[in-house]
Amino acid sequence: MTPDAGTFKHAMRHVPTGVTVVTTLKDGEPRGITVNAFSSVSAEPPTLLICVNREARSYLFIAASGLFCVNVLAGEQRHLAEHFSGKVRERQFEGIEYAIDATGAPVLAGGIAHFDCRLEEEHHSGSHSIMIGRVLSCAARAGSPLGYFNGGFHDFGIHVD
Ligand SMILES: Cc1cc2nc3c(=O)[nH]c(=O)nc-3n(C[C@H](O)[C@H](O)[C@H](O)COP(=O)(O)O)c2cc1C
C-alpha cells in the first residue's frame, strides 16, 4: 500500500524549505528555473543534488550543458522565484542582474549563497531527474532566506551572518 499523489503532496506541503533558482548556460543562452528540491549530498568531495522535472524546458538546458548554479534566494527576491517558475520562453534574463563564477552559469545578484556545479550524475525517478553536481565554487553572504511552506512564500524570520 502506498499513499496516493494527493496525500503525498498534502504531507509535503508541511515541509518548510528554502527557495533556489537553478541557472545554466547552453550555447551562450542563460536559463533559470525555480527549485526547492535541493540538498547537500557530501562535503568530500563537495556535492549536492537538485530534482528537476524532465518536462521542464530548463531540464533540457541543464542536461545538455552539463553545468548548473544553485542560487539561494534572499527574502526580498520573491519576484525572482515567481519569474523563474513562470513560462518565459525568450530573453528570460532581460533586466536581471547577474555575474558569473566557475561555469559561466548566472550567479544572481543579491542571493544569500550560490553553488556553481558540474553535472556529475543523473538518476531518473518518476517524472523527475535527480541531478548530482560537483561543486566547483561556492560563496555565501549575510541575509535572510526566502522560505516556502504550504504552497506559499514566507519570511521565516531568521538571519545568517
Ligand atoms: C517554490 C517553487 C519550487 C519549485 N521547485 C521545483 C523543483 O524542485 N523542481 C522542479 O522541476 N520544478 C520546481 N518548481 C516548478 C518550476 O519552477 C516550474 O515548473 C517552471 O515553470 C519550469 O520552467 P521551464 O519549463 O521553463 O523550465 C518549483 C516552483 C516553485 C514556485
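As the structure lists them, so they are numbered: ligands from 1, and atoms in each ligand from 1. Only heavy atoms go into these numbers, but all of them, side chains included; no hydrogens, no water, no symmetry mates.
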CD1 on I62 to CZ on R57, rounded to 0.5 Å: 12.5 Å

Ligand 1 versus R31: contacting region, heavy-atom distance under 4.0 Å: side chain

Atom 27 (O) of ligand 1 - nearest protein heavy atom and its distance: S58 OG, 2.6 Å

Ring centres under 6.0 angstrom apart (F93, F84): yes

Nitrogen or oxygen of T34 less than 3.5 angstrom from that of ligand 1: yes

Near-ring test H124/H128, centroid separation under 6.0 angstrom: no

Salt-bridge contact E76-R78 (side-chain N to carboxylate O under 4.0 Å): no

Shortest protein contact, atom 22 (C) of ligand 1 (heavy atom only): I33 CD1, 3.7 Å

D101-H114 side chain donor-acceptor pair, cut-off 3.5 Å: yes

Part of C51 within contact of ligand 1 (heavy atoms, under 4.0 Å): backbone

Under 4.0 Å to a heavy atom of K87 - the qualifying atoms of ligand 1, by number: 21 (O), 25 (O)

Nearest candidate to atom 1 (C) of ligand 1, where distance is taken over non-hydrogen atoms, out of F149, Y148, F38: Y148

Contacting atoms of ligand 1, where contact means under 4.0 angstrom from a heavy atom of R57: 24 (P), 25 (O), 26 (O), 27 (O)

Numbering as shown, the atoms of ligand 1 that approach N53 to under 4.0 Å (heavy-atom distance): 10 (C), 11 (O)

Full working for salt bridge (charged side-chain N to carboxylate O under 4.0 Å, His left out) between R118 and E120: CA-CA 6 Å; R118 183 180 65 226; E120 268 204 344; 3.5 Å; yes

F84, portion touching ligand 1 at heavy-atom distance under 4.0 Å: backbone

Between CG on residue D4 and NE2 on residue H10, distance to nearest 0.5 Å: 11.5 Å

Residue part near ligand 1, for E82, under 4.0 Å between non-hydrogen atoms: neither

Gap between atom OH of Y59 and atom CD1 of I50 - 0.5 Å precision: 10.5 Å

Test ring pair (Phe, Tyr, Trp, His ring centres under 6.0 Å) applied to F61 - qualifying residues, sequence neighbours left out: none

For A37, the ligand 1 atoms whose distance to one of its heavy atoms is below 4.0 Å: 8 (O)

Under 4.0 Å to a heavy atom of G86 - the qualifying atoms of ligand 1, by number: 21 (O)

Sub-4.0 Å atoms of ligand 1 with respect to non-hydrogen atoms of S85: 17 (O), 18 (C), 20 (C), 21 (O), 29 (C), 31 (C)

